[in-house]
Novice: 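Structure in structure tokens, see below.
All chains are named by letter (A, B, ...) in the order of the sequence lines, taking the proteins before the strands, and each is independently numbered beginning at 1.
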There are 2 protein chains.
Amino acid sequence: MQKHMPPSGKGTGTHTDGLSRDAVLNAALALIDRKGVNAFSVRDLARELGVYPTALYWHVPGRNALIAGAVALALRDLTPRRTPPDWQAGVRDLLRRYRQAVRAHPHIAPVLGAQLVSNESMPPELMEHILALLVRAGFEGAPLRHAYNTLIAAMVGFVTLELAPLPDEDADAWADAHRQRMQAIDPARHPLLAREMGRLRQGAFVVRATSGTQAPLDSSFRFWTETVVQGLAAMRAPPSGGT
Amino acid sequence: MQKHMPPSGKGTGTHTDGLSRDAVLNAALALIDRKGVNAFSVRDLARELGVYPTALYWHVPGRNALIAGAVALALRDLTPRRTPPDWQAGVRDLLRRYRQAVRAHPHIAPVLGAQLVSNESMPPELMEHILALLVRAGFEGAPLRHAYNTLIAAMVGFVTLELAPLPDEDADAWADAHRQRMQAIDPARHPLLAREMGRLRQGAFVVRATSGTQAPLDSSFRFWTETVVQGLAAMRAPPSGGT
DNA sequence: ACCTGAACACCGTTCAAGT
DNA sequence: ACCTGAACACCGTTCAAGT
């Protein structure tokens, strides 16, 4: 019944020969950092560790768990130790820290966006911290849950898109083709798109031909952060009449 | 040089025997709807079409293109024909329509969140429409680009998380384990999380044990939408002094 | 307890060959 | 123009066996 249960923390610790769950996950994260999640394979990882592929199954239930564990490592030091009194500063700080953490391991971005729930990558301290910020902002009851969902979506959403991987097989070929496609936009049918093309090419989702890894969207990220902070501030009280 | 170029639209059209790029992509979307993107395989698709796997390569360059094309199909009728005069209503409508489109094909959510850029899934009409809304809201110059990025992230972000697939192998086993994990939260270390547990289990990211497919987060989505609208409204003018 | 080794049932994609 | 058919170089995971 009870498998995948390594030496229990204490014990051994003398020789670095044996694999250990931690060593495996660290190696997995390193490999993902180099090749991306899609190209990440159990067999590659085993090769890297000088071990038969099946040896890994002693420490970890399978490929998915390897990825989830690696992502958890990447988010380990994300949560701040204290909740700042100013909730708006706290939100800004949270978004900034999350972005920093993912930027250190850009290839995990797709997993965070798409499989957030299915792994235990998200530390409970982070969720507690988010709730604390929102309680300080004055949310309670049902709206607290909605604000919680909103803040998590805000934290993950922008960064997932910003760091989304471009096709890395024939990277240059794709980039050229994409640039042409964008330059070929018909100004008659899409006037605004054509007019703003110059600016959008600098760094706009879908239009850009580079990933956020190479060309960070710093000022758009700040804009995003302010939008969220202002929006949450406005949502604290029930909408005051009007249209 | 020029491959993957089917009959050119006109012509034939008499017999439904030959594959045609469109038939292939439609079948791909149907298969993805049933099995999810991860489990989607070229060989399965070929089997379904009663054809050798390699036959598909005549109509489409490879697996990635199959997925991108299928996603593009799912977003085909997303863009509204006209830009409403009220930009706030337009934003609400856009987010709602996007969510509806993805809810019709929930398994494409991960791809949209993570690979938005790399495929041509995003129709140019949609980008034009987004720009039109934001111009109506009063954005121009650099802020227009930032608002564009913000609105796209807002459109994609929440829905990607809401419809993120849970582990579907041992679904029930995972759900039970996850519920226990959440129930075991230590109230001493995570007081707010423990206190709000009852409400959060109903439908909060990371905490919930069901996907948005089965348990939609309707009211949180409305909250999200309002937050974005209010936030954008606040960002139209430069922040007016104050702390 | 931890790893080897063989085996199973798959993959995506290439290339040459058919019609 | 469009598809067959064989082949290549991979996968993740199982199970029994070793030590």
Novice: Expressed as a whole number of angstroms, how long is the span from B/Leu56:CG to C/dC11:P?
Specialist: 13 Å
Novice: Can you tell me which residue among A/Val156, A/Asn149, A/Leu151, A/Ile130 is in a side-chain contact (heavy atoms from CB on, under 4.5 Å) with B/Phe205?
Specialist: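 Output: one option passes, namely A/Asn149.
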Novice: Tell me: CH2 of A/Trp58 to P of C/dT4, nearest whole Å?
Specialist: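 Between P of C/dT4 and CH2 of A/Trp58: 14 Å.
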Novice: Ignoring the backbone of B/Arg63, work out which of C/dC11, D/dT13, C/dG12 is nearest its side chain.
Specialist: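 Selected nucleotide (nearest to the side chain): C/dG12.
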Novice: In the structure I gave you, are the side-chain heavy atoms of B/Leu112 and B/Val159 within less than 4.5 Å of one another anywhere?
Specialist: no
Novice: Does any part of the side chain of A/Leu75, heavy atoms only, come nearer than 4.5 Å to the side chain of A/Leu126, both counted from C-beta?
Specialist: no
Novice: Quick one: A/Leu45 CG to D/dG12 P, roughly how many Å, whole number?
Specialist: 10 Å
Novice: Listing request: all side-chain hydrogen bond (donor to acceptor under 3.5 Å, both in side chains) pairs with a residue in residues 150-166 of chain A, at least two apart in sequence or in separate chains.
Specialist: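 Non-adjacent pairs meeting side-chain hydrogen bond (donor to acceptor under 3.5 Å, both in side chains): A/Arg99-A/Glu162.
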Novice: Is the phosphate of C/dC3 approached by A/His59 (side-chain N or O, under 4.0 Å from OP1 or OP2)?
Specialist: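 Yes.
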Novice: Measure from CZ on B/Arg21 to P on D/dC2 and round the result to the nearest Å.
Specialist: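 One finds 14 Å between P of D/dC2 and CZ of B/Arg21, rounded.
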Novice: Is the shortest side-chain heavy-atom distance between B/His105 and B/Leu73 below 4.5 Å?
Specialist: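 Not in contact.
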Novice: Identify the stems formed by DNA chain D, where each pair is Watson-Crick or G-U wobble with both distances under 3.5 angstrom and a stem is at least 3 consecutive pairs.
Specialist: C:4-8 with D:12-16, C:12-16 with D:4-8
Novice: Have a look at A/Phe158 and tell me which of A/Trp224, A/Phe223, A/Tyr98 forms a ring-ring contact (aromatic ring centres under 6.0 Å, His included) with it.
Specialist: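 One option only clears the test, and that one is A/Trp224.
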Novice: Taking C-beta and beyond as the side chain, do B/Arg103 and B/Pro216 meet within less than 4.5 Å on heavy atoms?
Specialist: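 Contact flag for B/Arg103/B/Pro216 side chains = yes.
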Novice: Take the protein atom CG of B/Asn64 and the nucleotide atom C1' of C/dT13, then report the distance between them rounded to whole Å.
Specialist: 12 Å
Novice: Among D/dT14, C/dC11, C/dT13, which nucleotide sits nearest the side chain of A/Tyr57?
Specialist: D/dT14
Novice: Measuring from the side chain of B/Ala55 (C-beta onward, heavy atoms only), which nucleotide among D/dC3, C/dC3, D/dT13 has the closest atom?
Specialist: D/dC3
Novice: CD of B/Gln214: more than 12 outside heavy atoms within 6.0 angstrom?
Specialist: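 Atom CD in B/Gln214 is crowded, with more than 12 foreign heavy atoms closer than 6.0 Å.
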Novice: Quick check: does any side chain N or O of A/Arg43 sit under 3.5 Å from a backbone N or O of A/Pro53, one acting as donor and the other as acceptor?
Specialist: no
Novice: Between D/dG12, C/dT13, D/dT4, which nucleotide has the shortest distance from any of its atoms to the side chain of A/Val42?
Specialist: D/dG12
Novice: If we ignore hydrogens and angles and just use 3.5 Å, is the side chain of A/His178 paired with the main-chain N or O of A/Val206 as donor and acceptor?
Specialist: yes
Novice: Extract from the structure each pairing of a protein N or O with an N or O of nucleotides 17-19 of chain C at less than 3.5 Å, listing the distance.
Specialist:
none

Novice: When you compare the side chain of B/Leu19 with that of B/Leu56, does any pair of heavy atoms fall below 4.5 Å?
Specialist: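 A side-chain contact exists here, since the closest heavy-atom pair is under 4.5 Å.
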Novice: Return the polar atom pairs (N/O with N/O) between nucleotides 5-9 of chain C and the protein under 3.5 Å, or none.
Specialist:
{"unit_1": "C/dG5", "atom_1": "OP2", "unit_2": "A/Tyr52", "atom_2": "OH", "d": "2.8"}
{"unit_1": "C/dG5", "atom_1": "O5'", "unit_2": "A/Tyr52", "atom_2": "OH", "d": "3.4"}
{"unit_1": "C/dG5", "atom_1": "O6", "unit_2": "A/Thr54", "atom_2": "OG1", "d": "3.0"}

Novice: Identify, with sequence neighbours excluded, every residue that meets side chain to side chain contact (heavy atoms under 4.5 Å, CB included) alongside B/Arg96.
Specialist: B/Asp93
Novice: Under a 4.5 Å cut-off applied to non-hydrogen side-chain atoms, are B/Glu128 and A/Arg189 in contact?
Specialist: no
Novice: With a 4.0 Å heavy-atom cut-off, tell me which residues in residues 22-40 of chain A come close to DNA chain D, sorted by residue number.
Specialist: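 When residues 22-40 of chain A is checked for heavy atoms under 4.0 Å from DNA chain D, the hits, listed by number, are A/Phe40.
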Novice: Look up atom CD in B/Gln202 and atom CZ in A/Arg145, then write down how far apart they are to the nearest 0.5 Å.
Specialist: 7.0 Å
Novice: Examine C/dC11: is either OP1 or OP2 under 4.0 Å from a nitrogen or oxygen in the side chain of B/Arg47? Give yes or no.
Specialist: yes
